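See below for the structure under consideration.
All figures in this text were calculated on a predicted structure; none of them were measured in a lab.
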Amino acid sequence: MLTSEKGVVEEWLSEFKTLPEASISSYASGLKNKISLVSALYEVIQKPQSELLEPVCHQLFEFYRSKEKRLGTFTLQFLPELIWCYLSMSSSRELQSCGCIEALLLSIYNLEIMDEQGHSKILSFTIPSLSKPSVYHEPSSIGSMALTEGALSQHGLTRVVYSGPHPQREMLTAQNRFEVLSFLLLCYNSVLNDMPALSLLSLCQMCSRLCVCGYPRQNARKYQGIKNRIPISSEFMVQLLTGIYYSFYNGEWDAARRALDDVLYRAQLELLPEPLLLANAIKASLPQGALKGNKEGSRCIQVEITPTSSRISRNAVTSMSIRGHRWKRHEEPDTNNDSSDLANIVIPEISVTSVSGERAGNGERGRALTENDVQHMQAVQEISAEPRAEGKAVTEIRRQKSVRKLLEDGVASPGRVQC
């Protein structure tokens, strides 16, 4: 470490100790602008043999347990680098070199699992319903949702998932290590919007190193660090992917892309279903080209929101359009078409006798045709009033069918047989 960087860190350590209570708020608001201090602190954390590491960890813990929220956020920005330093030292069996880092991680964990009254926290997460619109989706874009009895009974119900209570830990072991680290990353992801670009870059680099150490891809990444494989839990990788997804749209496209590819590489080797599912979903949702994100601009995750106003095509066939078409057909008949089509109808003369063999009279025959065939003649008129846009061929086929049915019904009338 350079002498100037060491002097910056030492000044920072002594400044906070003599700071009055009334000046803490203004002091916290100006910390994010001290770029040289942040770079010097990263330098101290990356060198576990540094004599400044222990007082720096103690100062960061004092920041985190203070009532000022911005001081706690300042401490959390170094969390990815602290986790990487701890895991790399533990894989090399040099835990004595990072005892202060382990103590800092445990202290933050034990503070977060307790509320102000000293009781264990129970975190709750509400699972959104796909049947209700949100900033991420519209129910109409998903497709038809079957309105079954089970679906109707679940409609409007909110499903809540609870996490906790989490037990307090006095030391990190191989059994509880990733349970604690996953919870710490959950706390980090809850304030992603306040994290600076350097912290997001540190998160992506830490993820890539953890996923490729000890594997053939380490040579392709040209990483000359430790050669041992570092075990990772599935839950820990899922929390990493949350931060990586945020980094894509906030100025760290290249680093986040490498980290995502390395997570997929490691998850495929170890057959971890949850990271595979989430990583492939993130990869499928990414745009084709890199985004030109402004590192100092707005912090957000870009989503495509469908318009809320319903857009129905003019050619869409709905019940309302069918009903309107029927009304129009009955209210505005085409009289010219009626007369021309009726003139072309040829009804052959049929010889009809009664059951006893007697020939029916002309009046009776006319009355039978009038009573039995009025409805069929009306059907012919309605068909002839169809719009001309349907085509002459369709109209001719319907007319012939109606005439054929008219003739068959005339033959099959009660009390009459064909000669």
Side-chain angles (χ1 to χ4, degrees), residues 1 5 35 37-48 50 53 56 60 73-92 98 101 104-105 178 181-182 184-189 191-233 236-267 269 275 278-279 282-283 286 290-291 293 295-296 299:
M1 173 181 284
E5 295 178 347
I35 307 300
L37 172 63
V38 173
S39 302
L41 290 178
Y42 271 109
E43 190 74 18
V44 172
I45 296 173
Q46 292 169 0
K47 294 181 178 180
S50 175
L53 180 60
V56 164
L60 291 176
T73 305
F74 181 82
T75 299
L76 281 180
Q77 70 175 321
F78 300 102
L79 186 63
E81 198 66 34
L82 291 170
I83 292 177
W84 164 248
C85 183
Y86 168 75
L87 290 177
S88 60
M89 291 295 102
S90 62
S91 65
S92 303
C98 60
I101 294 180
L104 175 60
L105 295 176
F178 283 99
L181 296 181
S182 299
L184 291 177
L185 278 181
L186 178 64
C187 299
Y188 177 85
N189 292 333
V191 290
L192 272 176
N193 194 50
D194 299 325
M195 290 295 107
L198 190 58
S199 180
L200 297 179
L201 179 61
S202 175
L203 175 69
C204 297
Q205 291 176 349
M206 182 261 291
C207 181
S208 294
R209 293 170 185 172
L210 288 177
C211 292
V212 303
C213 279
Y215 290 91
R217 179 171 282 199
Q218 182 176 359
N219 298 326
R221 293 299 188 202
K222 298 180 180 181
Y223 173 62
Q224 304 298 327
I226 60 176
K227 301 294 183 180
N228 302 327
R229 294 183 181 181
I230 302 177
I232 309 177
S233 67
F236 183 77
M237 295 181 71
V238 169
Q239 295 298 332
L240 285 176
L241 286 170
T242 303
I244 291 172
Y245 184 45
Y246 181 85
S247 302
F248 269 108
Y249 299 96
N250 290 276
E252 300 298 336
W253 176 274
D254 296 332
R257 188 62 190 236
R258 285 193 298 269
L260 180 63
D261 293 339
D262 293 336
V263 168
L264 280 171
Y265 173 77
R266 182 69 177 269
L269 290 177
L278 182 56
I282 293 175
K283 188 176 182 179
L286 294 177
L291 296 178
K295 295 185 179 182
E296 301 299 332
R299 304 284 180 176

Distance in Å, [X] [atom1] paired with [Y] [atom2], rounded so as to fall on 0.5 Å steps:
| X | Y | atom1 | atom2 | answer |
| --- | --- | --- | --- | --- |
| F78 | L41 | CZ | CG | 4.5 Å |
| L79 | S199 | CG | OG | 8.0 Å |
| Y42 | E81 | OH | CD | 6.5 Å |
| Q77 | L82 | CD | CG | 10.5 Å |
| C207 | L241 | SG | CG | 6.5 Å |
| Y215 | D262 | OH | CG | 12.0 Å |

Nearest non-hydrogen partners of [X] and [Y], listed with the distance:
| X | Y | answer |
| --- | --- | --- |
| R266 | I230 | NH2-O, 2.6 Å |
| L76 | C187 | CD1-O, 4.2 Å |
| D261 | R217 | O-NH1, 3.2 Å |
| P216 | Y265 | CD-OH, 3.4 Å |
| F236 | L181 | CE1-CB, 3.8 Å |
| L203 | I244 | CD2-N, 4.2 Å |

Using modelled atom types only, decide if a donor and an acceptor are shared between the side chain of R229 and the backbone of G214 within a distance under 3.5 Å.
->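 Judged by distance alone, yes, a pair lies under 3.5 Å.
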Is the backbone of L198 close enough, under 3.5 Å, to the side chain of S202 for a donor and an acceptor to pair up by distance?
->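 Judged by distance alone, no pair lies under 3.5 Å.
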With the side chain counted from C-beta on, respond yes when [X] and [Y] share a heavy-atom pair under 4.5 Å apart, and no when they do not.
| X | Y | value |
| --- | --- | --- |
| M89 | I101 | no |
| V263 | L240 | no |
| F74 | V38 | yes |

Sequence-distant partners of N189, side-chain hydrogen bond (donor to acceptor under 3.5 Å, both in side chains), two or more places apart =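 Checked N189 against side-chain hydrogen bond (donor to acceptor under 3.5 Å, both in side chains); matches are Q239.
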Q205: side-chain contact (heavy atoms from CB on, under 4.5 Å) partners, not counting sequence neighbours |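 Only L201, R209 meet the side-chain contact (heavy atoms from CB on, under 4.5 Å) criterion with Q205.
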